[in-house]
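Note that the structure is predicted; figures quoted are calculated from it, not measured.
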Amino acid sequence: MAPKNKGKGKDSGDSKDAGDGKSKLKPATSINVRHILCEKHSKKEEALEKIRNGTKFDEVAREMSEDKARQGGSLGWKVRGSLMLDFEKVAYELEPSTTGAPKIGEVKTSEGYHIIMVEGRK
């Protein structure tokens, strides 16, 4: 009998997980996105550490983001093509999640280092 689960041996948290998530997401034309922008890599790492330790994404954004801080990092609903290309590529591959248990992506753009989460897709 042929195995149906080809990736059975790869369940150890490989970096290929993002690719797998992309295939099960339906294509979206807009996303409800939040981000934390940090000019320095060290500050981005500090923000990531806070999120990993259980601090809500929007609280970390208010405290540490250098953009949209008062809105908890919310950029609102953004249609495809309205964001920086590198940022958009990462954001559209993320599964929707909540600020309390965010599924995050990271990207460096000309503006700095971004930590991204998506709250909704349509």
Side-chain angles (χ1 to χ4, degrees):
M1 187 186 283
K4 288 186 177 182
N5 185 359
K6 292 186 287 187
K8 191 173 184 183
K10 296 182 182 179
D11 288 343
S12 61
D14 284 4
S15 62
K16 294 178 182 172
D17 288 351
D20 295 340
K22 183 179 169 187
S23 62
K24 52 185 180 181
L25 287 173
K26 293 179 184 171
T29 56
S30 64
I31 53 173
N32 188 4
V33 64
R34 289 181 183 264
H35 81 138
I36 297 169
L37 173 64
C38 299
E39 194 175 302
K40 295 184 178 171
H41 184 267
S42 58
K43 189 170 179 183
K44 179 207 61 143
E45 290 297 316
E46 188 182 332
L48 277 173
E49 190 64 28
K50 288 180 181 232
I51 292 167
R52 288 185 185 122
N53 289 334
T55 306
K56 290 176 113 184
F57 189 96
D58 56 330
E59 291 173 13
V60 177
R62 276 189 205 89
E63 180 186 338
M64 302 193 72
S65 184
E66 294 162 18
D67 180 41
K68 298 281 187 182
R70 283 172 293 208
Q71 292 88 18
S74 178
L75 297 176
W77 285 96
K78 295 292 181 185
V79 295
R80 213 177 268 279
S82 67
L83 297 163
M84 295 177 113
L85 191 60
D86 293 342
F87 183 102
E88 187 170 280
K89 185 177 179 194
V90 172
Y92 272 88
E93 291 179 4
L94 289 170
E95 287 182 51
S97 58
T98 63
T99 57
K103 294 180 181 175
I104 57 175
E106 300 176 52
V107 68
K108 184 181 188 305
T109 69
S110 58
E111 293 183 1
Y113 297 90
H114 302 263
I115 303 167
I116 309 165
M117 70 160 287
V118 171
E119 291 184 289
R121 297 169 59 89
K122 59 183 175 182

Are M64 and L37 connected into the same hydrophobic cluster when the rule is that any two of I, L, V, M, F, W, Y join if their side-chain heavy atoms are below 4.5 Å apart? no
Does atom NZ of K89 have more than 12 heavy-atom neighbours from other groups under 6.0 Å away? no
Taking it one step at a time, do I31 and V79 satisfy side chain to side chain contact (heavy atoms under 4.5 Å, CB included)? CA-CA 7 Å; I31 53 173; V79 295; over 6 Å; no
Under 3.5 Å donor-acceptor, E66 side chain and E39 backbone: yes
Do T98 and F57 pass the side chain to side chain contact (heavy atoms under 4.5 Å, CB included) test, and can you show the C-alpha distance, the side-chain angles, and the key distance before you say yes or no? CA-CA 8 Å; T98 63; F57 189 96; over 6 Å; no
L48: partners by side chain to side chain contact (heavy atoms under 4.5 Å, CB included), with sequence neighbours left out: K44, E45, R52, I104, E106, I115
Any residue meeting salt bridge (charged side-chain N to carboxylate O under 4.0 Å, His left out) with K103, in chain and number order, not counting sequence neighbours: E95
I need the full list of side chain to side chain donor-acceptor pair (under 3.5 Å) pairs touching residues 75-84, with sequence neighbours left out, sorted by first then second residue. none
Measuring only between side-chain heavy atoms, which start at C-beta, is I36 closer than 4.5 Å to I51? yes
What side chain to side chain donor-acceptor pair (under 3.5 Å) pairs are there with at least one residue in residues 109-121, not counting sequence neighbours? R34-E119, H35-H114, T109-H114
If you take all heavy atoms of A91 and V118, which pair is closest and at what distance? O-CG2, 3.3 Å
When rounded to the nearest 0.5 Å, the distance separating CZ of R62 from OG of S74 is 10.0 Å
Atom pair OG/CE of S97 and M117 - distance to nearest 0.5 Å: 3.5 Å
According to side chain to side chain contact (heavy atoms under 4.5 Å, CB included), who are the partners of T55, at least two apart in sequence or on a separate chain? K50, E59, V60
So if you build clusters from Ile, Leu, Val, Met, Phe, Trp, Tyr with side-chain heavy-atom gaps below 4.5 Å, do V107 and L83 land together? yes
